[in-house]
Amino acid sequence: MYSAYQRLLYLAAALALTVVVLGAWVRLTDAGLGCPDWPGCYGQLTVPNEEHEHAAAAAAFPDKPLETHKAWHEMIHRYVATTLGLTIVGIAGLALANRRDPRQPVGLPITLLALVIFQGLLGMWTVTLLVKPLIVVAHLLGGLSTLGLTFWLILEARRQRAMSAPRVTRRAFAPAVFALVVLTLQIALGGWTSSNYAALACPDLPGCLGQWWPGQADWSEAFVLWRGLGINYEGGVLDAEARVAIHFAHRLGALLTLIVMLAVGSRATRERQFPPPVVQAGWLVLGAVTLQVILGISTVWFGLPLWVATAHNGGAALLLLAVINLNHAASFPNGGRLRLG
């Protein structure tokens, strides 16, 4: 039963990563409201296909004409997310059934189930509240939290059990936690940039609109989290100056995040006292942040091509996993050494 639990964890992690990337794809193709209702699509469980279904959709949603390709983008995302949710239900069920096994955690799988249920609610609110940026960012963070917690459970399942109770190695652990906090804030800022359609507000590099510090940025409007109900945020509602402020803040955050990741990753690879798993985790952080910087620069340099922008979101997920891996490796006296079998 424990082996079945482990296999479901790997499936859930793969599905969670897919859901995160598909979510970015949906946002970038302006398909967040491709289906204006939830959980179905124009009153159906699949995208309307027949002529009579199109007529019914037009009658039910006269202000939202059916765009079939956008509707399919959204429904594919929902199908994979639903599969992920059912997989996590299975994980929690196996954890409860196998709770007498000393290797079997129970609290974290139940927490994962609660998280994915809340994530489903955020998915519903994303549609019913008309892709409100605050909800979109929360939905993004919820998806990445689901991925991160699943990955942590995988690391726990593979970790060779220590002879004594786990002890935190603070010389490695405290910087790793700090890196995780900084990265989480930067991911939230990236979600805010995307959900407010500010990804190309500064179309040039390395400056912004020909300046090192854009004087026309409207900081007072850029980070208003709540603007009331009933506003359709599809396409964005902010003026150009507010979007410039958001984009430039994301660049500043990216610079800070890069500095922190380089410092923490380099320290993990160079400290002689750290065990090999911590050193390896440090190298993974350095590799992931390098890839993410390249993707971020390419997104602006090439004018937001869909595959690069989507990969940039996937790169953020991979960097998050690398930092979580570093936190896990630094959390135990043996450096989180993993079983090979």
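Atoms considered below: every heavy atom in the structure, side chains included; atoms not considered: hydrogens, waters and symmetry mates.
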Sidechain-backbone polar pair: Arg99 side chain, Leu96 backbone, donor-acceptor under 3.5 Å: yes

Joint cluster assignment, Ile154 & Leu15, ILVMFWY side-chain distance < 4.5 Å: yes

Criterion side chain to side chain contact (heavy atoms under 4.5 Å, CB included) against Val136, the qualifying member of Val131, Leu129, Leu141: Val131

Sidechain-backbone polar pair: Arg78 side chain, Gly40 backbone, donor-acceptor under 3.5 Å: yes

Over all atoms of both residues, closest heavy-atom pair of Val278 and Ala172: CG1-CB, 4.3 Å

Nearest atoms (heavy-atom pairs only) where Phe248 meets Trp213: CE2-CE3, 3.3 Å

Set of residues satisfying salt bridge (charged side-chain N to carboxylate O under 4.0 Å, His left out) with respect to Asp101, sequence neighbours excluded: Arg103

Which atom of Ala176 lies closest to which atom of Val323, heavy atoms considered: O-CG1, 4.0 Å

Salt bridge (charged side-chain N to carboxylate O under 4.0 Å, His left out) partners for Arg7, two or more places apart: none

His247 side chain to Arg251 side chain, donor-acceptor N/O pair below 3.5 angstrom: yes

Atom CG of Leu45 with >12 non-hydrogen neighbours under 6.0 angstrom: no

Connected via hydrophobic side-chain network under 4.5 Å: Leu28 and Tyr197: no

Side-chain H-bond candidate by donor/acceptor type, Asn196 with Ser194, under 3.5 Å: no

Tyr42 side chain vs Pro65 backbone, donor-acceptor pair below 3.5 Å: yes

Aromatic plane relationship, His73 with His69 - under 30° parallel, 30 to 60° tilted, over 60° perpendicular: perpendicular

Polar side-chain atom of Glu53 near backbone of Ala57 as donor-acceptor pair, under 3.5 Å: no

Pairs involving residues 74-122, ordered by first then second residue, that meet ring pair (Phe, Tyr, Trp, His ring centres under 6.0 Å) (sequence neighbours left out): none

Approximate separation, where rounding is to 0.5 Å, of Ile88 CD1 and Thr83 OG1: 11.0 Å

Ring pair (Phe, Tyr, Trp, His ring centres under 6.0 Å) partners of residues 287-327, not counting sequence neighbours, each pair once: none

Distance (rounded to the nearest 0.5 Å) between Thr150 OG1 and Ile324 CD1: 9.5 Å

CD/Glu51: more than 12 non-hydrogen atoms of other groups inside 6.0 Å: no

Atom CH2 of Trp283 with >12 non-hydrogen neighbours under 6.0 angstrom: no

Gap between atom CD of Gln186 and atom OG1 of Thr184 - 0.5 Å precision: 10.5 Å

Backbone of Ser266 reached by a side-chain donor or acceptor of Thr269 within 3.5 Å: yes

Joint cluster assignment, Leu189 & Ile297, ILVMFWY side-chain distance < 4.5 Å: yes

Nearest-0.5 Å distance that lies between atom CG in Leu94 and atom OG in Ser3: 9.5 Å

Least distance between heavy atoms, Ala317 atom then Leu144 atom: CB-CD2, 3.8 Å

Minimum heavy-atom distance Trp152-Ser331, with the two atoms named: CH2-OG, 4.0 Å

Expected output: side-chain Asn327 to main-chain Val177 donor-acceptor under 3.5 Å: yes

Any pair counted as disulfide bond (SG atoms under 2.5 Å apart), so long as it reaches residues 31-86, sequence neighbours left out: Cys35-Cys41

Path from Tyr10 to Val89 over hydrophobic side-chain contacts below 4.5 Å: yes

Passing option when Leu183 is tested against Thr257, Val260, Val285 for side chain to side chain contact (heavy atoms under 4.5 Å, CB included): Thr257

Full working for side chain to side chain donor-acceptor pair (under 3.5 Å) between His139 and Thr126: CA-CA 8 Å; His139 193 41; Thr126 296; 4.7 Å; no

Side-chain heavy-atom pair Leu153, Tyr5 within 4.5 angstrom cut-off: yes

Single-linkage hydrophobic cluster Leu295~Leu17, side-chain heavy atoms < 4.5 angstrom: no

Exercise: identify the closest heavy-atom pair between Lys64 and Leu33: CE-O, 2.9 Å

Inter- and intrachain pairs under disulfide bond (SG atoms under 2.5 Å apart), touching residues 196-296, at least two apart: Cys202-Cys208

